[in-house]
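Order of the sequence lines fixes the chain letters, A, B, ..., with proteins taken first and strands second; residue numbering starts at 1 for each chain. Everything quoted here is computed from the prediction, not taken from an experiment.
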Amino acid sequence: MNFLNELNDIQREAVVANDGPVLVVAGPGSGKTRVLTYRIAWLLAEDKAKADEILALTFTNKAAREMKERIQRVAGESAGRLWAGTFHSIFARILRTEAAHIGYPTNFTVYDTDDTKSLLSTIIKEMNLPREQYNVNGVRARISWAKSKLITPKLYVEDEELRREDKQKQQLYIYEIYARYTARCKMAGAMDFDDLLYRTYELLQTKHPETKEYFIAEKYRNRFKYILVDEFQDTNTLQYAIIRKLVNPENHNIYVVGDDAQSIYGFRGATIQNILDFEQDYKPFGIKTVKLVQNYRSTAPIVQAANRVIAFNRQQIQKQIRSEKGEGQKIRIVRAMTDDEEARRVVDAILEQKNRDHLQNKDIAILYRTNAQSRSFEENLLRYDIKYKIFGGVSFYQRKEVKDLIAYLRVAVNPKDDEALKRVINYPKRGFGKTSMDKIEALAAAQQLPFWDALGLAQLGGRMEQTVLDFKSIFKEAHENMANADAAVLARSIVLESGLLRELKEDTTPEGKSRLENVNALLDGIQAFVEDDTLIDIETLPDKTLATYLQNVALMTDMDSDESDQDYVTLMSVHAAKGLEFKSVFVVGMEEDLFPSFMSKESLDAVDEERRLFYVAITRAEQLLTLTYANSRYRFGKMQYNSPSRFLEELPLDQVENAGQVFGGEPSAKKTPTGASVSGNFSRRTAITNTVPRIDPATFQPSPSDAIQAGMEVLHLKFGKGKVLHIDGGAQNRVATIVFEASGAEEKRIMLKFAKLQIL
DNA sequence: CCTAGGATGTTTTTT
DNA sequence: ACATCCTAGG
């Protein structure tokens with residue numbers, strides 16, 4: 001195994017650790033991902049497990065994809081069958097298979113945060129509770145927190161302490177809201193993000209009615225010979241509880257990698273306590289702990305600054321990161337008078353770095369605490385014609401028109417999905433006004449029915465009867481062909497029948513055109529989903545139904561777009577930057593009340609978390625680190641004056657280039673911003689690969705897929721010319737392993753059921 | 001039943 | 001500043 005030579009001694013020790021529980025505490029830039037991927041590659045190479053017996057949990061789809069790609073490179077084709085993905089996506093997949101055991105339909109809907117909030121405010125209204133007292137976000141956070149602590153509605157009511165806390169905050173009836181919310185989700189066949197975790201936990205606790213065994217837990221314990229968890233410091237109590245249930249008690253093959261200093265998801269219930277608990281919980285089973293402290297990413301000033309800053313936190317696992325790279329540029333601090341000037345100075349510095357240090361756009365990142373800060377940078381980068389890409393913020397899938405279409409599709413798949421139904425029932429306008437809706441809502445509430453059912457029963461008066469029928473008929477084709485027709489066909493039928501397309505076409509304003517483009521892009525995306533024949537997972541039945549599409553798309557974020565080889569400056573929140581690295585990093589908005597956030601001021605714990613966030617931010621930099629702040633900035637529509645962040649004062653002065661002095665002199669005259677609003681640069685999401693020859697579809701003649709045999713030379717519409725190495729899988733799900741010339745001898749696994757291949 | 005205009009709350013971070 | 005919610009008036 002020559003790949004072991006690419007590791008240092010400690011990394012190698014971690015990679016080849018014996019069976020049993022392993023904890024890898026890994027500082028930033030210490031090769032954490034490398035250790036994790038090589039561990040998997042090693043398990044495969046040593047034949048300790050087959051790919052589909054390994055479960056690797058990550059926090060983002062992107063991390064999962066990268067991991068798969070890297071393993072593929074080291075270990076070969078089998079990596080495609082790994083169970084690698086986010087907690088949410090892996091569990092959604094398991095839930096889909098097992099839904100019936102906990103009283104959910106296979107095609108359950110995933111409620112996003114907006115759906116959750118909308119349902120909660122409906123409930124709050126129904127209960128006649130004052131809206132100001134029961135603000136939706138607060139209630140949502142509380143319920144989410146309860147779930148992450150494994151507190152069911154039943155336990156919540158019984159817990160007097162919790163009720164006392166709520167009463168103090170004048171929110172005594174949260175327990176009732178929680179109960180109703182849970183019931184309503186279940187009736188709608190819907191799970192929110194937390195449910196994807198909680199219901200999995202529930203599933204693993206389910207006993208067989210006769211044998212009284214935990215048969216589902218057993219099933220997955222037996223399946224997964226090895227479980228690996230990335231970013232373990234960001235797991236919450238619930239996630240850890242699930243992991244513990246999944247770990248096979250015979251071998252305890254649980255391998256977790258994390259860094260307590262980079263725990264930045266406390267607001268989501270993540271707790272460093274998990275790392276400490278892990279050590280305790282698995283001590284009896286011979287836990288092996290490895291600490292990786294050698295930093296291969298950043299120069300000495302950056303590493304020293306990181307060490308110094310994190311030392312201000314009150315508790316942590318002791319470790320000093322050592323720089324491998326040696327001396328480098330000191331850290332630069334830039335002061336600006338306004339937020340706009342801050343942006344201009346950053347852009348100036350970017351131009352300079354591109355010239356002086358020969359950096360490319362993609363070597364550079366601008367990191368901020370809140371997504372709202374991106375705007376001024378966007379405007380200034382635009383002005384200098386520097387390519388950039390904003391991650392996060394309003395994602396493609398959150399745009400109104402996209403959500404509208406998805407809501408239609410959701411109703412098609414699951415008519416009980418009340419939130420989706422409410423969204424589309426009167427868009428485009430078709431006469432469902434307040435009066436009708438009130439009647440339907442009242443009936444639904446009185447008889448505990450989903451909206452869809454109430455819709456047919458409510459007495460709405462003559463004219464509305466037809467309206468209801470017309471509305472329902474939009475989904476007729478979809479409902480009749482749900483099982484056999486593919487997602488793209490159904491989606492197109494719905495777009496036409498619903499009048500959505502007509503509505504969008506009528507709007508000829510630039511924004512309207514962009515909306516239409518986005519809807520078309522989504523349709524293209526569905527088409528691509530249907531046409532994609534590369535094998536993702538053999539374990540789940542590969543199908544092209546709308547239901548499958550929706551479950552994928554519900555967990556998709558904008559972070560996941562993959563255009564890594566294009567040359568753009570990266571703009572993203574610090575949270576989003578975790579795990580990434582750039583030659584030059586600008587951490588902007590270094591001001592009190594912004595970073596650290598004003599929300600964190602109330603508790604020292606929260607400020608510590610902000611500090612860890614800052615630690616994450618600065619350790620993204622390889623060579624150049626610039627920290628900027630503005631004396632004043634627009635926030636909430638008015639000018640705000642902030643003082644420099646306390647974190648700046650915590651830096652080691654000897655590593656700061658311009659310590660003490662105010663950098664930059666006089667603020668320059670305020671230029672008017674371009675004012676040009678950017679209407680979404682959501683390019684069509686198409687092919688996954690970029691460097692492949694386009695085959696002319698006109699001359700392309702796909703052969704019948706059962707004719708494909710090992711050894712054949714074939715042509716693929718997307719990947720070009722390749723050779724079939726071998727074929728496996730059952731008769732129904734034949735999978736060909738093909739090596740394509742264009743993609744650098746990389747092997748791809750193609751599902752022949754969906755494949756478009758031409759025999760040469 | 002729909003629209004416009006005003007009031008109101010909201011922004012920390014993500015799956 | 002922006003989005004959402006509510007109310008009055010068409």
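No contact: A:F87 has no heavy atom under 4.0 Å from any strand. Using a 4.0 Å heavy-atom criterion, one finds that A:N426 contacts the sugar-phosphate atoms exclusively. Using a 4.0 Å heavy-atom distance criterion, A:F595 is classed as making no nucleic acid contact. Looking at heavy-atom distances under 4.0 Å, A:E610 makes contact with a base. Residue contacts shown for A:N135 are limited to sugar-phosphate atoms, with no base heavy atom under 4.0 Å away.
Put simply, CH2 on A:W145 is 20 Å from C1' on B:dT13, counting in whole angstrom units. Between the CZ atom of A:R140 and the C1' atom of B:dT15 there is a distance of 11 Å, rounded to whole Å. In this structure, the CE atom of A:M590 is 15 Å from the C1' atom of B:dT12, given to the nearest Å. In this structure, A:Q640 atom CD and B:dT10 atom C1' are separated by 14 Å, rounded to whole Å. Look at CG on A:D339: it is 16 Å from C1' on B:dT11, rounded to the nearest Å. Atom CG of A:L613 and atom P of B:dT12 are 14 Å apart (whole Å). Spacing between atom CZ of A:F614 and atom C1' of B:dT12 amounts to 17 Å, rounded to whole angstrom units. In this structure, A:L238 places its CG atom 17 Å from P of B:dT15, rounding to the nearest Å.
Nearer to the 5' terminus of DNA chain B, by closest-nucleotide assignment, is the contact made by A:M599 (compared with the other of A:M599 and A:T113). In this structure, A:H575 and A:K429 both approach DNA chain B, and ranking their closest nucleotides by distance from the 5' end singles out A:K429.
Side-chain atoms of A:F598 lie closest to B:dT11 of the nucleotides B:dT14, B:dT11, C:dC2. Of the candidates C:dC2, B:dT15, B:dT12, B:dT12 carries the atom nearest the A:S597 side chain, counting heavy atoms from C-beta on. Checking B:dT12, B:dT15, C:dC6 against every side-chain atom of A:T86, the shortest atom distance belongs to B:dT15.
With a 4.5 Å cut-off on side-chain heavy atoms, A:N371 and A:M572 do not count as touching.
By the 5.5 Å and 30° criteria, A:Y265 is not stacked with the base of B:dT14.
When the side-chain nitrogen and oxygen atoms of A:S436 are compared with OP1 and OP2 of B:dC1, one or more of them lie within a distance under 4.0 Å. Contact annotation: A:K117 does not reach the phosphate of C:dT4 (side-chain N/O to OP1 or OP2, under 4.0 Å). For A:N236, no side-chain nitrogen or oxygen approaches OP1 or OP2 of B:dT15 to under 4.0 Å. Contact check, A:S573 against B:dT14: a side-chain N or O comes under 4.0 Å of OP1 or OP2. One finds no side-chain N or O of A:N137 lying less than 4.0 angstrom from the OP1 or OP2 phosphate oxygen of B:dG9.
Under the 3.5 Å distance criterion, with hydrogens and angles disregarded, a donor-acceptor pair is assigned to the side chains of A:T548 and A:R96.
Between A:F391 and A:H575, a ring centre-to-centre spacing not shorter than 6.0 Å is recorded. A ring-centre distance under 6.0 Å is not found for A:Y368 and A:F586.
For C:dC6 and B:dT11, the C1' atoms lie 22 Å apart once the distance is rounded to whole Å.
Judged by the 6.0 Å and 45° rule, A:R611 forms no cation-pi pair with A:F614.
Between A:R410 and A:D115 there is a salt bridge, since at least one side-chain N of the basic residue sits less than 4.0 Å from a carboxylate O of the acidic one.
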